[in-house]
Amino acid sequence: MVISILKVEDIHSYYGDSHVIQGISLEVFKGEIICLLGRNGAGKTTTMKSIINLIHPRQGRIIFEGTDITFFPTYQIIRMGIGFVPEDRRIFPTLTVLENLEIVQPLNQKKGKKWTIERIFREFPILKSLSNRKGGKLSGGEQQILAIARALLGNPKLLLLDEPCEGLAPIIVEQLTDLILSLKGEVTILLSEQNAKFAISVSDRGYVIEKGRIAFYGDIKELKENNEIKERYLAV
Ligand code: ATP
């Protein structure tokens, strides 16, 4: 059965008078990996931030698991089960990898949670080997893996990844591809990307954003084969 986990209905978001998101609608179903593609400045980050009310949409609705969360504060939305990994990752540079993970533990005390630090270390052994290294001494790729792991410790039902490939070397992007694919079925993912090759290789469906509007949406196969869309709206 197909279950809707997130529904974004015709949202409009602004920075001051600047009308940046001009009526975006999208839907994510349980278990899917969905990408939001678009060039620099298209409105991907603003859409992500609008979903968790870091930027309040002036019009439209956000529905999460059937509940209208449009006016809920961000902390409550996160507690309801949406994890957010921002573009700049927000790793604490003076804390070790283990300490960066332990910070989330208090939220994670309840029994029956899927993700624990033990499981993170088992599934992402690189983090175990780096557990005593300070966050500020990690490479960009290591920081991205740590940021995703930290978000998983909140045991989210939906994970929002904002431009996870930003600034990463191609070889690291390949590792990230494997990591994201390993999460399929574990957690539903909505990711934003400029790197169309990466996004297409991990996603089930995609939305292309251009100037704050959806320019295209469809199955990943359709997107992959649509050269016009790729040339017009994506940097490929
Ligand atoms: P990027 O790859 O640059 O993150 P993006 O698709 O995520 O691109 P957004 O960051 O959502 O795009 O930006 C959408 C538009 O909003 C751009 O025109 C950008 O200049 C503008 N914008 C973003 N942040 C702000 C801000 N804090 N104040 C004013 N305008 C902003």
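The shown structure was predicted, so the numbers you read here are calculated from the model rather than taken from an experiment. In each ligand, atom 1 is the first atom listed, and ligand 1 is the first ligand listed.
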With a cut-off of 3.5 Å and sequence neighbours excluded, list every side-chain donor-acceptor pair involving residues 177-184.
{"residue": "Thr177", "atom": "OG1", "partner": "Val173", "partner atom": "O", "Å": "2.8"}
{"residue": "Ser182", "atom": "OG", "partner": "Leu179", "partner atom": "O", "Å": "2.6"}
{"residue": "Lys184", "atom": "NZ", "partner": "Gly31", "partner atom": "O", "Å": "3.1"}
{"residue": "Lys184", "atom": "NZ", "partner": "Asp204", "partner atom": "OD1", "Å": "3.4"}
{"residue": "Lys184", "atom": "NZ", "partner": "Asp204", "partner atom": "OD2", "Å": "2.8"}

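- Salt-bridge check for Asp219 with Arg205: failed, with every basic side-chain N at 4.0 Å or more from each acidic carboxylate O.
- The pair Glu123-Arg119 meets the salt-bridge criterion, with a side-chain N (NZ, NE, NH1 or NH2) lying under 4.0 Å from an Asp/Glu carboxylate O.
- Ring-plane geometry between Tyr217 and Tyr207 is classed as parallel, the angle between the planes falling under 30 degrees on a 0 to 90 degree scale with a further cut at 60.
- Under the 4.5 Å side-chain criterion, counting only non-hydrogen atoms from C-beta, Ile148 is in contact with Leu161.
- Within 4.0 Å of ligand 1, contacts by protein heavy atoms are made from Tyr15, Val20, Arg39, Asn40, Gly41, Ala42, Gly43, Lys44, Thr45, Thr46, Glu87, Glu163, Gln194.
- Using a 4.0 Å cut-off between a side-chain N of Lys or Arg and a carboxylate O of Asp or Glu, Lys157 and Glu186 do not qualify as a salt bridge.
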